[in-house]
Amino acid sequence: MEQCLEWDEKVKEGVVKRLKWWQQGNKPPAEWVTELVQYLNTHGVELPSPELGELLVSQMCFEDNHPSMWKFIHHALSSRLVFPLQFLSLLSIKVIPHRHSHPHAFALFLPLLAQHAFSFHPTTSLPSNLKIVSSIDSVLRFSEAYEIRDLELGHVFVLFFYNVIVALIDTVLSDWEFRVTFSEKSCLVSSSSGGDDDMEIDRDVTQSFAKSECHERIRKRNPFTALEVLERLTESRKATLLLQSVLLNMPEKFNCLQQRLQFLDSLELASSELKLVNQVLTKVSANIRGVSHFDYCLSKQQLAGMLVDAGSCKTSLRCNYRSCEAPCWVSFDIYMENAMDSRQIPTKSAVDVLTEGIKSLQILNQASWQETFLALWLSALRLVQRERDPPEGPIPHLEARLCVLLSIVPLAIANVLKGDSEHNPSSVQATMESKHRHDMKSDGSRKLGLLSSVQVLGQFSSLLCPPALVVDAANQAAKKAANFICNSMNEKGESGGAGIHANTNMKAGGNLRHLIVEACIARNLMDTSVYFWPGYVSTSVMSLSDSPPLEKSPWLIFMEGTPLNNSLINCLTVTPASSLVEIEKLYYIALNGSDLERPAAAKILCGASLSQGWYIQEHVVHYVVKLLASPIPHSHSGSWSHLVDNMPMLSAVLHGTSAVDTVHILSLHGVVPTVAASLLPLCEVFGSMKPTSNGTSNESSTSTYMTFSLAFLFLIRLWKFCRPPIDQCITEFGVAVGGLEYILSLHNNRVMFSQDKLKSNPSLIESASVQPVYIDSFPKLRALYCQYKSCVASALSGLSTGNSIHQTANIILSMIYQKMTKGGISSSNSSSPTSNNTCSSLINSGEDAFQRPMLPAWEVLEALPFVLESILTACVHGRLSSRDLTTGLRDLVDFLPASLATIIDYFSSEVTRGVWKLVPMNGTDWPSPAAVLQSIESEIKAILTHVGVEVPSCSSGGSPVMLPLPMAALVSLSITFKLDKSLEYMHAITGAALENCASGSPWPSMPIIGSLWAQKVRRWHNFIVVSCSRSVFRHNNESVAQLLRSCFNSFLRALCVSTSKLTAESSVNGLLGSTITAPGPYPYVAPGFLFLRSCRNIQNVQYVNDLIVGLVTEYSNELAGRRTGSGSHHLKSNEASLSLAAQSAKEVATLGASLLCAAGGILLVQELYKETIPTWLLSSRDVRQNNDSVVSYILEGYAMAYLLILSGSIIWGVGTKLPAGAFSRRSRTIEVHLDFLAEIMEKKISLSCNPITWKTYVCCLVGLMVSLVPAWIQEVKVDTMRKLARGLSRWNEHELALSLLQRGGTAAMGALAELVNAIVSERAMMCS
């Protein structure tokens, strides 16, 4: 018979008629069910039927409560005639609110609820499931109350069960006449029709009801029965899982249940009858509290739980603080050392990066806050100590490293502590902690962890020795503590050093811990009570505490009102300010002082206070940036820009901030986008100004050109070197990462964020003054920027005579030819292109050769590419000597220093195009490197050999040393610059340009350039040689592979001793070195240091992903071989051996993830998720060293899962607070990878890797996500989670599958309910 899927009136009338017959007859209810099934089957009604459930509920009459009808309902539910979930939901809303007027119905309902509350049997018929959902939701309004857009049957099951628990508690309290109001009522207690007044109406009805003795006895018994049902419902594992899902995904709703538990705990049941239920109340409370205190660590009996637990830092002894030097913290060291690379100027604040890094590593290492902060301090101290004997050169030195230790790290810790204070301790999620989270909190709060970490630092004396630069500052900090102690003793009337635990063995003076403490006190991270720590102040310092200061502080003199004279200016410039008040006074002088005071104040502000004022450095940076974007003063009037009036002050700021260390400090504080946005109007205004005189000694002309040049070259450094070329293909905010547009987009997004904050907090006046900046608002700059991009893309085309740019080029050429005209350069033989004719015309133009042009800087820069093409062509054709070419270029730079940027861009582009001939570097035509070239080449080879890299000899042999003409011209120009600190802004750009040029040329280019510079600056020798050794890695993949292998070998050196754990000496120092260059005949560097200085310029950086994945796999196999070798045959049954092996595998993965993120950032991490790991899983491979044990496959899968999780955590963090762009990118990347795994789970993709590796990888990956980064799971599609959970369940990883769905958000609650039901049903079948 063809089934009709719709419930019609005829069938409905037939069912109603039969129900009446049966109630009037004597047939047992079991026969009712049999006859009803036959009748419905005859009419083709699909069972169970949603319509039948609604009909039965409507037929329930509570006035007479026919016993046979209730028995029939029991049989109907057991026979699956109707859906228990639907029937109980619809019936409860009729029974519970009216339990006082119909106590018998409530008494009959409770056992029905106890028996069938967990009955959840979804059908394969989607229409039936939808009807059930619609039927229940129309009455209980779940979709509206819980804001679930796509309500599923599983959602209804979870939410109904939760509401039943809340409703039963409310009925018990109400029936016992406890008048208490909670923040939210269950929808089952107040019916949709009556609202909150229903209970009172029901009470009135009860009072007017002619009560029989039986009626009253049932009514009084019902609360006790309800409590028993409540105990029965909450004691099962299934109830715990369902309630835990509500806790994790709807914590504010679960708070309603928590409120009721708190009230139950406070009850004092006085009557003897009520005292009998105390035990039941206690059990109910314990059952429900067990949800929030549930230990959701993965089962140690399962593979994932065992490995995730074994790989944590908690396996090390808590009392051994040396464990904080363990390799699992190497990510701190690698990030900090990588941040010191002068060739990259990060746009993101190091404070923000470290803040996320601290939170991520604390969670991933499952460590206490004390261990986390201690590891952070130790990494920062190693960073400073690595600078003990650095190679001298135009790179960030000690000031930038001390900035990290004393400014960046304290500010990052302050952010972490701020997050702790903002965390609501009453949140139910705070109580939802695993055992290891409890261990992490055992040391106390985050602040207590910070205090204890700094106190423990005293045990690391070798790292606390202050560099010469800060010896005086450290001594002053120690003396300050001693003075405080002495003053405190004097106030208390104590004598001598009574009660003071001074360290008599400690040498006189302070150390780096004293500076760290002062940096923390300055930021309110701790108070002066730390001065009383045992051993903090030595007895020698105590004895000197009463001695008066040798001289008065210049800042004290300044604050007393002394005018700024030359002597005071010099003292203030070299002495860092000690308070924010001093900086603010200086800032307002720079803005509003006299014409002489303003540039002086700006100079002071950008002096030692900026580079060495670590306690207030973030404030100094803030005011320096504000000066660059100086507001229009109220007194300004006139058509010219207010920036013209501020030119002397702005010039002083630009001079002061152009040093290599200072630029790096600004970038560490994350102000690069703001600085770049401030530089644009300076460039536009000063580049458009025409000098008032053509005399070379004119002060106004020099100041205008110099101010423009400083601003323009500063801007060039920021936008050109802020990101490596590999990141250019990534888009963010709709623009390519790395260009000028990208930096401006970062600034504008910060402005939008500030304006959003302003709306919520109008008192933030600072945010209101900052406005978005767009390059289109600066037409001159935009035109040159477009010209730059076109110049890089293609060669110049000749310009017709008479063009304005051509005329400007003629004027500039006449200026730089002024010394050559006396030599009688002939123009008769002209077979060159247009530019030769240009050169010829210049000689006969009649222009005064000695007159410098009066041109705006933009016009000069616009014409320079054509000037450069002209003089290079003239040199090729012999009409211009190489010496004159170099002299002309130098004259051009002297005339307008900003022209250096155009020279570099043009020559770099021409070298890349490769159209110019090679010229001999023979000492006649061009400078010769011959004197030191062989020595430089041998030193480069020694450095590479020391780190395990074998390269072919780069010696040129007997052939002449050659370079492309543009490169020869550029390097010849560069060695004419004086080595003056005031010219660091030029050396920084030139050095990077030369290295980039040489890297794009044949291998010998870099040694030649290095040799020429080594001859000029002997004290830069080590820096030059190390820089030259980096160039081999740009194109040579084999060299990159060898260097990476050396990184792993040096880091994992302790692997050769199977009984020892890795230590800092064998890991971090082996990887990065205890000093930058090791002592010896050559400037040896550690392999990790060389990799970090080379990786951002590797041409095929994607290759690094494959290398790191291969090395992690290889070393994991080697670990397994050692653990299963002689003496370790019982690894599978030996938890201690597995713990050591898993911890070592984790350290291998930690190194791989840290190096991968340093090399390619987000691009490599995205590729790791989307391409590298999937390819690795789909590929078959041979296990090295014939290690074909099960353990090798297990550790391989675990290490790869940890590599994936840690690399993602480093880039995106573990939380939910991310910028919109980063959040969506993380979501997409994780979703793509998990979709791939789900497809394999569904057998839609076949694998080639070992099945053990596959299972371990999936289990550990999901286990790590569940335990450590649950926020990621909510970003995954429910369908993907459902497929993964089904696959895990097939592997009997039920707990892992359930944990995955529990953390999937409200959208996954339906899938969780389905899985819980499937697992319970499966176990029931196995038991039967």
Side-chain angles (χ1 to χ4, degrees), residues 683-691 694 701 704-705 708-709 712-713 715-716 740 775-776 778-818 827 830 832-849 851-877 879-880 885 888-889 891-910 913 915-916 966 969:
C683 294
E684 187 74 14
V685 170
F686 295 127
S688 303
M689 289 177 60
K690 190 173 183 179
N694 61 5
S701 174
T704 302
Y705 276 163
F708 168 78
S709 296
F712 185 68
L713 292 178
L715 182 64
I716 289 288
L740 182 56
I775 193 172
D776 291 340
F778 309 96
K780 296 290 186 181
L781 176 62
R782 183 181 182 280
L784 191 76
Y785 184 55
C786 293
Q787 185 189 52
Y788 155 74
K789 291 194 288 189
S790 63
C791 179
V792 171
S794 60
L796 293 172
S797 58
L799 294 176
S800 60
T801 304
N803 183 282
S804 60
I805 296 180
H806 179 85
Q807 294 173 0
T808 303
N810 284 346
I811 296 172
I812 297 172
L813 280 169
S814 68
M815 179 192 73
I816 63 176
Y817 270 92
Q818 59 184 346
S827 60
S830 178
S832 59
T834 306
S835 51
N836 286 340
N837 297 329
T838 302
C839 179
S840 301
S841 65
L842 290 174
I843 307 304
N844 303 316
S845 64
E847 187 80 32
D848 184 351
Q851 186 178 33
R852 293 206 170 190
M854 295 183 297
L855 298 170
W858 288 126
E859 294 185 15
V860 175
L861 295 181
E862 191 179 24
L864 274 184
F866 306 98
V867 173
L868 297 173
E869 184 185 37
S870 176
I871 60 177
L872 281 183
T873 306
C875 185
V876 167
H877 288 270
R879 287 199 294 274
L880 186 66
L885 173 61
L889 292 174
D891 287 342
L892 189 57
V893 174
D894 289 341
F895 166 61
L896 179 62
S899 61
L900 179 63
T902 304
I903 293 172
I904 288 173
D905 287 334
Y906 178 77
F907 284 174
S908 300
S909 301
E910 294 303 305
R913 271 189 276 275
V915 296
W916 297 91

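Side chains included, hydrogens not; waters and symmetry mates left out as well; all remaining heavy atoms used. Throughout, residue positions are numbered sequentially from 1 according to the sequence presented. Small disclaimer: the values here were computed from a predicted structure and weren't measured.
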Check your understanding: Checking Ser909 side chain against Asp905 main chain: does a donor-acceptor pair fall under 3.5 Å?
Key -> yes
Point to revise | Separation of Glu910 CD from Leu872 CG (nearest 0.5 Å) | key: 7.5 Å
**Study point:** Non-neighbouring partners of Ala863 that pass side-chain contact (heavy atoms from CB on, under 4.5 Å), sequence neighbours left out
**Key:** Ile805, Thr808, Ala809, Ile812
Check your understanding: Going from CZ on Phe778 to OG on Ser688, what distance comes out if it is rounded to the nearest 0.5 angstrom?
Key -> 11.0 Å
Exercise for review: Taking all non-hydrogen atoms of both residues into account, name the closest pair between Lys780 and Glu684 and its distance.
Suggested key: N-OE2, 3.0 Å
Review point. With side chains defined as the heavy atoms from C-beta onward, is the minimum distance between Val860 and Thr902 less than 4.5 Å?
Key: no
Study note, to complete from the structure: Hits for side-chain contact (heavy atoms from CB on, under 4.5 Å) against Leu713, two or more places apart or cross-chain, chain-then-number order -> Ala901, Tyr985, Ile989
Revision key, fill the gap. Rounding to 0.5 Å, atoms CG (Leu880) and CG (Leu885) come to a distance of 5.5 Å
Check your understanding: Between Met854 and Lys690, which heavy-atom pair has the shortest distance, and what is it?
Key -> O-CE, 3.0 Å
Check your understanding: Could you give the distance from NE2 (His806) to CD1 (Ile811), rounded to the nearest 0.5 Å?
Key -> 10.5 Å
Practice item. Please name the pair of heavy atoms, one in Leu715 and one in Leu781, separated by the smallest distance, quoted to 0.1 Å. Key: CD2-CD2, 4.2 Å
Study note, to complete from the structure: With sequence neighbours left out, the residues meeting ring-ring contact (aromatic ring centres under 6.0 Å, His included) with Trp858 are Phe708, Phe712
Check your understanding: Met815 versus Leu892: any side-chain heavy-atom pair under 4.5 Å?
Key -> yes
**Study point:** Distance-minimising heavy-atom pair for Ala969 and Phe907
**Key:** CB-CE1, 3.8 Å
Point to revise | Heavy-atom closest pair, residues Ser709 and Pro897 | key: OG-CD, 3.3 Å
Exercise for review: State which residue, out of Ile903, Leu813, Leu889, fulfils the side chain to side chain contact (heavy atoms under 4.5 Å, CB included) condition with Val867.
Suggested key: Leu813
Practice item. Answer whether the closest heavy-atom distance between the side chains of Cys786 and Arg782 falls below 4.5 Å. Key: yes
Check your understanding: Any idea which heavy atoms bring Leu855 and Glu859 closest together, and the distance?
Key -> CD2-OE1, 3.7 Å
Check your understanding: Is any side-chain heavy atom of Leu896 less than 4.5 Å from a side-chain heavy atom of Leu864?
Key -> no
Practice item. Answer yes or no: is there a side-chain heavy-atom contact under 4.5 Å between Thr873 and Trp916? Key: yes
